[in-house]
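Everything below concerns the one structure shown next.
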Amino acid sequence: MLQIVKRLLEGDRRSMARAISMVDNNDPDSQGIIREIFSLTGKSRTIGFTGPAGAGKSSLIGALVRNFQTMGYRIAILAVDPTSPITGGAILGDRVRMRVTMDDHDVFMRSLASRGAAGGVSNSLRNVMRILDVAGFDLILVESVGAGQLEVEISRIVDITIVVLTPQTGDNIQSIKAGLNEIGEIYAINKGDLEGSGNLFNSILEYVGGTDKKPSVLKVSARTGEGIKDLASQIDEKLISNKASI
């Protein structure tokens, strides 16, 4: 166990992957690893992406990665996928959609199975983030499972929550009910080049513009690149602002 911790601190990827598997599988030695590294955590910044299934969260994360890299961040991605009814593991749909990101050896990506956890996240998520923190990743992007409107747990885990919506998700007002209108620091209208994106933008601005968090609302397109650089800049500004207020 101590050898794994030592190699984690050196940024060894094999040890990192092993430690994550131990934590995710609730291995008896995993709690010892977390105890050893806990006091060394807290350096990384975390961003959560939530929203309805089909909103394009995976594609949006993939489009943002390059911008974050130019800002100097070392990036890890955790994608919480639905649990396979056969193996009990993650279905890994997000890895397929983030093919370009997977081919970048400077970016670490791991899928975690939700395993019935509430709120579209995984029970092991916090401890997996701690492992990535001590391994030297200063920006951790977390994609929740995409279960829908009840997916608000992620906002209690990350520093900044991005709510991703799309004109294709149906009725504009229904898209921002049931908690999603309360948790976001930024609301990204993905597929902003499609018909109906302007109406959705105005609806969201009306419903969340006056909330305490005073969130930003942006139209973006992961497919065309429209608004992606602005979104990355706003996220970076909020991360800097949050860190300065701690």
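A salt bridge (Lys or Arg N to Asp or Glu O under 4.0 Å) check over residues 186-195, counting only residues at least two apart or in different chains, returns the pairs Asp193-Arg223.
With sequence neighbours excluded, the residues satisfying side chain to side chain donor-acceptor pair (under 3.5 Å) with Arg130 are Asn127. Lys6 meets the salt bridge (charged side-chain N to carboxylate O under 4.0 Å, His left out) test with Glu10; sequence neighbours excluded. Listed by chain and residue number, Arg110 satisfy the side chain to side chain donor-acceptor pair (under 3.5 Å) test with Ser21 (two or more places apart in sequence, or in another chain). With sequence neighbours excluded, no residue satisfies side chain to side chain donor-acceptor pair (under 3.5 Å) with Asn67. Among residues two or more places apart in sequence or in another chain, the side chain to side chain donor-acceptor pair (under 3.5 Å) test is passed with Thr161 by none. With sequence neighbours left out, the salt bridge (charged side-chain N to carboxylate O under 4.0 Å, His left out) criterion links Asp12 to no other residue. In this view, Arg35 satisfies the salt bridge (charged side-chain N to carboxylate O under 4.0 Å, His left out) rule with no residue, not counting sequence neighbours.
Within the model, atoms CG of Asn202 and OG of Ser197 stand 9.5 Å from one another, a figure rounded to the nearest 0.5 Å. Distance check: Leu132 CG to Thr46 OG1 gives 11.0 Å after rounding to the nearest 0.5 Å.
The aromatic rings of Phe137 and Phe108 sit tilted relative to each other, their planes meeting at an angle between 30° and 60°.
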Open item on the list: side chain to side chain contact (heavy atoms under 4.5 Å, CB included) for Ile77 and Val107? Distances and angles first, verdict last.
Closed with: CA-CA 8 Å; Ile77 301 171; Val107 177; 4.0 Å; yes
TODO: Just do the side chain to side chain contact (heavy atoms under 4.5 Å, CB included) check on Val80 and Ile154 with the steps written out, would you?
DONE: CA-CA 11 Å; Val80 183; Ile154 194 169; over 6 Å; no
- [ ] Starting from the C-alpha separation in whole Å, work towards a yes-or-no answer on side chain to side chain contact (heavy atoms under 4.5 Å, CB included) for Glu143 and Ser58.
- [x] CA-CA 7 Å; Glu143 178 187 355; Ser58 299; 2.9 Å; yes
- [ ] Apply the test side chain to side chain contact (heavy atoms under 4.5 Å, CB included) to residues Ile157 and Val142: give CA-CA distance (whole Å), side-chain angles for both, the deciding distance (0.1 Å), then the verdict.
- [x] CA-CA 10 Å; Ile157 297 174; Val142 181; over 6 Å; no
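For the residue pair Ser124 / Asp24, a side-chain donor-acceptor distance below 3.5 Å is found, with atom types taken as modelled.
Arg74 CZ: more than 12 foreign heavy atoms inside a 6.0 Å radius.
Across Asp133 and Gly42, no two heavy atoms sit closer than the pair OD2-N, 2.6 Å. Of all the heavy atoms in Leu239 and Tyr73, the pair that sits closest is CD1-OH, 3.8 Å. Nearest heavy-atom pair across Val220 and Ala188 is CG2-CB, 4.3 Å. Counting all heavy atoms, side chain and backbone alike, Ile140 lies closest to Ser44 at CD1-OG, 3.6 Å.
Annotation: side chain of Val158 is not in contact with side chain of Ile47 (no heavy-atom distance under 4.5 Å). Looking only at side-chain heavy atoms (C-beta outward), Met16 and Ile131 come within less than 4.5 Å of each other. In this structure the side chain of Leu139 never reaches within 4.5 angstrom of the side chain of Met71, judged on heavy atoms. Considering only heavy atoms from C-beta on, Met129 stays 4.5 Å or farther from Thr41 through its side chain.
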Would you tabulate the side-chain donor-acceptor contacts of residues 226-235 under 3.5 Å, counting partners in other chains and residues two or more places apart, or write 'none'?
unit_1, atom_1, unit_2, atom_2, d
Ser233, OG, Lys229, O, 3.0
Gln234, OE1, Ser216, OG, 2.7

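No chain of hydrophobic side-chain contacts below 4.5 Å, direct or via other Ile, Leu, Val, Met, Phe, Trp or Tyr residues, connects Leu194 to Leu60.
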